[in-house]
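FYI, the numbering just counts along the sequence from 1.
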Amino acid sequence: QVQLRESGGGSVQTGGSLRLACEVRADTFNSYCIGWFRQAPGQEREGVASITTDGGVKRYADFAKGRFTISRDNGKNTVHLQIFGLTPEDTAMYYCAAKGRKGGYCTDGSFAFFGYWGQGTQVTVSS
């Protein structure tokens, strides 16, 4: 059983920053790749960033490169998404997700095959 809970969202003005957190409850947190996704109203969900088990591979969507940073703390079962230079186009519900198997070692940094999801945290950016 893997449970995820996001926090850190909020309302900010253009140019502001946020640090989102994803707390993961799992028997072996470091078995899983973690990804961040977002979905704006009327839009499809899209991948933002992902990180492999040991943090050795990080993948970013093109729009996220340079402004978003994903990191994980395996000692605290937490993955963060730091966002700088927020714009209204970043307004969305942000979700974290996990993939892998208990006791395994996830090396797939793609945005595919995530099977465990959190409830999301809302980010709203005003101009």
Side-chain angles (χ1 to χ4, degrees):
Q1 184 76 10
V2 180
Q3 296 177 319
L4 303 98
R5 184 178 69 179
E6 303 91 340
S7 62
S11 296
V12 298
Q13 292 187 328
T14 297
S17 302
L18 284 173
R19 189 182 191 216
L20 308 184
C22 175
E23 296 178 61
V24 181
R25 295 184 65 180
D27 288 341
T28 55
F29 170 69
N30 58 5
S31 294
Y32 300 93
C33 290
I34 305 297
W36 281 97
F37 296 78
R38 70 183 189 181
Q39 187 168 21
Q43 304 289 322
E44 292 189 355
R45 186 174 62 199
E46 60 182 349
V48 177
S50 68
I51 189 166
T52 53
T53 292
D54 62 358
V57 177
K58 301 176 184 179
R59 176 173 177 169
Y60 295 93
D62 286 342
F63 69 81
K65 294 176 182 176
R67 293 194 301 120
F68 292 68
T69 301
I70 190 170
S71 61
R72 70 187 291 159
D73 184 339
N74 283 350
K76 295 183 178 180
N77 285 22
T78 301
V79 174
H80 288 100
L81 184 70
Q82 178 73 55
I83 314 172
F84 297 100
L86 282 156
T87 73
E89 289 68 36
D90 295 316
T91 294
M93 185 71 79
Y94 284 71
Y95 300 90
C96 65
K99 64 179 175 181
R101 60 179 179 86
K102 181 180 176 180
Y105 193 88
C106 178
T107 60
D108 178 7
S110 76
F111 292 132
F113 311 120
F114 282 86
Y116 304 97
W117 294 84
Q119 295 297 308
T121 186
Q122 178 68 39
V123 172
T124 302
V125 186
S126 58
S127 58

Quiz item: Which ILVMFWY residues can you reach from Phe111 by hopping between side chains whose heavy atoms are under 4.5 Å apart?
Solution: Phe37, Met93, Tyr95, Phe114, Trp117

Quiz item: Quick one: salt bridge (Lys or Arg N to Asp or Glu O under 4.0 Å) pairs with a partner in residues 4-18, sequence neighbours left out?
Solution: Arg5-Glu23

Quiz prompt | With sequence neighbours excluded, residues passing side chain to side chain contact (heavy atoms under 4.5 Å, CB included) with Ser17 | solution = Gln82, Phe84

Quiz prompt | Partners passing side chain to side chain contact (heavy atoms under 4.5 Å, CB included) against Thr107 (at least two apart in sequence or in another chain) | solution = Tyr105

Quiz prompt | Exercise: identify the closest heavy-atom pair between Ser31 and Gly103 | solution = OG-N, 3.0 Å

Quiz item: Under the side chain to side chain contact (heavy atoms under 4.5 Å, CB included) test, which residues partner Asn30, sequence neighbours left out?
Solution: Thr28, Thr53, Asn74

Quiz item: With Thr124, which residues qualify under side chain to side chain contact (heavy atoms under 4.5 Å, CB included), at least two apart?
Solution: Ser11, Thr91, Gln122

Quiz prompt | Residue pairs involving residues 84-127 (criterion disulfide (SG to SG under 2.5 Å); sequence neighbours excluded) | solution = Cys22-Cys96, Cys33-Cys106

Quiz item: Between the side chain of Arg67 and the main-chain N/O of Gly85, is any donor-acceptor distance below 3.5 Å?
Solution: yes

Exercise. Share the residues that join Phe63 in a hydrophobic cluster, the rule being Ile, Leu, Val, Met, Phe, Trp or Tyr side chains under 4.5 Å apart at the heavy-atom level.
Key: Val2, Leu4, Val12, Leu18, Leu20, Val24, Phe29, Tyr32, Ile34, Trp36, Val48, Ile51, Tyr60, Phe68, Ile70, Val79, Leu81, Ile83, Leu86, Tyr94, Tyr116, Val123, Val125

Self-check item: disulfide (SG to SG under 2.5 Å) contacts in which one or both residues fall within residues 47-78, not counting sequence neighbours
Solution: none

Quiz item: So which heavy atom on Ser126 is nearest to which on Pro88, and how close?
Solution: C-CG, 4.4 Å

Exercise. Hey, could you give me each pair passing salt bridge (Lys or Arg N to Asp or Glu O under 4.0 Å) that has a residue in residues 92-110? Not counting sequence neighbours.
Key: Asp27-Lys102, Lys99-Asp108

Quiz item: Tell me, which pairs form a salt bridge (Lys or Arg N to Asp or Glu O under 4.0 Å) where one or both residues lie in residues 32-48, sequence neighbours left out?
Solution: Arg38-Glu46, Arg38-Asp90

Quiz item: Going by the salt bridge (Lys or Arg N to Asp or Glu O under 4.0 Å) test, which pairs reach into residues 68-82, not counting sequence neighbours?
Solution: none

